[in-house]
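Reading through the structure tokens given below for one structure.
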Amino acid sequence: MKQPALSDRPKLRRPARLKYDPARETELLLLPERVVRLNPSAGAILRLCDGERSVAAIIERLERNYPGSDLKGDVLEFLATAADKGWLEPWTSVTLTP
Amino acid sequence: MVGAMDIGYPYALTAELTHRCPLRCVYCSNPLELERREAELTTDEWLDVLDQAGRLGVAQVHFTGGEPLARADLEPLIRKAREAGLFVNLITSGVGLTAKRAQQLADAGVDSVQLSVQASVPELSDFIAGTRAFERKRQAAVWIREAGIPLHMNAVLHRLNLQLVEELAEMCASWGAERLELANAQYYGWALRNRSLLLPSREELREAEEALRRAKERFGHRMELIWVIPDYHEEYPKPCMGGWGRWSMTVSPDGRVLPCTAASEIRTLQFENVKRRDLAWIWRESPSFNAFRGSDWMPEPCRSCERKELDFGGCRCQAYLLAGDAGQTDPVCHRSPHHRLVAETVSGAPKQAAGGFTWRTTGENL
Ligand code: SF4
Ligand code: SF4
């Protein structure tokens, strides 16, 4: 899948959900029949994909946490991969009828 | 046995709420002897199990049975599972569902419902299920979707329906399924009784794989298609549960905790009960969960095999059922000294019906 535009508002694809797991001290992505153990940066990005924030806002927010870093490329790439894996809703604002 | 540090946390819990079931499927993999209603865990006991599971690191729960809708307390159990942070999947035959119940399940927070179907032809579906259920399943699919719950479907495949793979996919897609699991029958429990009639020939299987490829082309863009391999026809066994006591646990209707849903048939192991021990202890310390962890327990040829970290010597339940010893190499593996048992069964298929099918008995359990 191609990378999102900065104005896209990524959102976890239903029924996926995030869970912070205190036992393992990691974020888990809960999918039907599958649980993905996320690394800290993947967890941090997906936490911000609430369907409200734009990609630009997500990048800005993350860069605030890690001042002086340029995360744009990494975030865009990760979002594209995550969408490919079916973790995120497709980008286009056009809804295809089933 | 592996050291305590290697044990890790379980990801999934299969909660078998009841063995009661309105269907009588010929391929049912539940044990021959079913738990009676009186033996089932109470609501409070299940609530406690779900709480403990969440604390132990479990991230998803599959409510199943029998037919979990037979439990009137399903909704509070779903709510509790969500409170514990779990992803909640409900596996159902759809029989007993109403529009109202579907809405209640949605309100309680169920994340997905997996609806079983036996075939794409109503008469055949009812034949396999041993009761008239097809029409109710079709209706159930509508209600599930109307309640806004993602619809997943599953079909167990065997000689009676293997030629319908593409039609099954077409039907499930038209019912609005987002996912279809096509699971080749596993010969545990009741299914083992009907094995000679259920087991497909290699030729039948090859054709089904072709049909799967066509189905993926036609429906893959809107419905995820999962194919669970028929292990009897493979060279190597399936990695049972991704390793004994490694990722998941099952609680049976009476509270026994099993490393695998089929494990209750292993008579040589003693399984602990949540009524007497807590889940964390059972997971980490119990002899049954430690019996086949890691690779130290393995006999030859597994012990010196390069695949032992890939398939863990195969399925313990199958080794017990076919070779009479749960600690043996899975006879499905062509390197197993007992492989002949499987090879002969496969080359013997298809056989003429020697007396016909026996449908699942439920009788006094309902
Ligand atoms: S009879 Fe069918 S629906 Fe009921 S438990 Fe067995 S396989 Fe499942
Ligand atoms: S010998 Fe054992 S470890 Fe090797 S492939 Fe067969 S079952 Fe797996």
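Chain identifiers are assigned alphabetically (A, B, ...) following the order of the sequence lines, protein sequences preceding nucleic acid strands; residue numbering begins at 1 within each chain.
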Sub-4.5 Å heavy-atom contacts with chain B: which residues of residues 36-58 of chain A show up? A/R37
Euclidean distance, B/K216 NZ relative to B/M223 CE, rounded to 0.5 Å: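 Answer rounded to 0.5 Å: 11.0 Å.
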Which distance, rounded to the nearest 0.5 Å, do you find between the CH2 of A/W87 and the CG of A/L31? 7.5 Å
Proximal component of [X], with respect to chain A [non-hydrogen, under 4.5 Å]:
{"X": "B/R179", "result": "side chain"}
{"X": "B/V61", "result": "neither"}
{"X": "B/D111", "result": "both"}

Considering non-hydrogen atoms only, spot the tightest contact between B/A169 and B/L225 and give its length.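 So the minimum-distance heavy-atom pair works out to CB-CD2, 4.4 Å.
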For chain A, which of [options] has the most heavy-atom pairs under 4.5 Å?
{"options": "B/R55, B/H62, B/Q114", "result": "B/H62"}
{"options": "B/G176, B/A12, B/P10", "result": "B/P10"}
{"options": "B/S112, B/A173, B/G85", "result": "B/G85"}
{"options": "B/E181, B/R82, B/E224", "result": "B/R82"}

Take B/F289 and B/W283, measure what ring-ring contact (aromatic ring centres under 6.0 Å, His included) needs, and give me the verdict at the end. CA-CA 6 Å; B/F289 270 79; B/W283 175 256; 5.6 Å; yes
Do the side chain of A/R17 and the main chain of B/L86 share a donor and acceptor less than 3.5 angstrom apart?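 Yes, A/R17 side chain to B/L86 backbone: donor-acceptor pair under 3.5 Å.
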Check: A/L71 main-chain N/O paired with A/E63 side-chain donor or acceptor under 3.5 Å: yes
Hey, does the Lys NZ or Arg CZ of A/R24 hover above the aromatic six-ring of B/Y11, less than 6.0 Å from the centre and inside 45° of the axis? yes
Please lay out, stage by stage, how A/L30 and B/Q60 fare under the test side chain to side chain contact (heavy atoms under 4.5 Å, CB included). CA-CA 7 Å; A/L30 311 184; B/Q60 61 179 200; 5.7 Å; no
Can a salt bridge be assigned to the pair A/E89 and A/K11 using a cut-off of 4.0 Å between side-chain N and carboxylate O?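 A salt bridge is absent here (no side-chain N lies under 4.0 Å from a carboxylate O).
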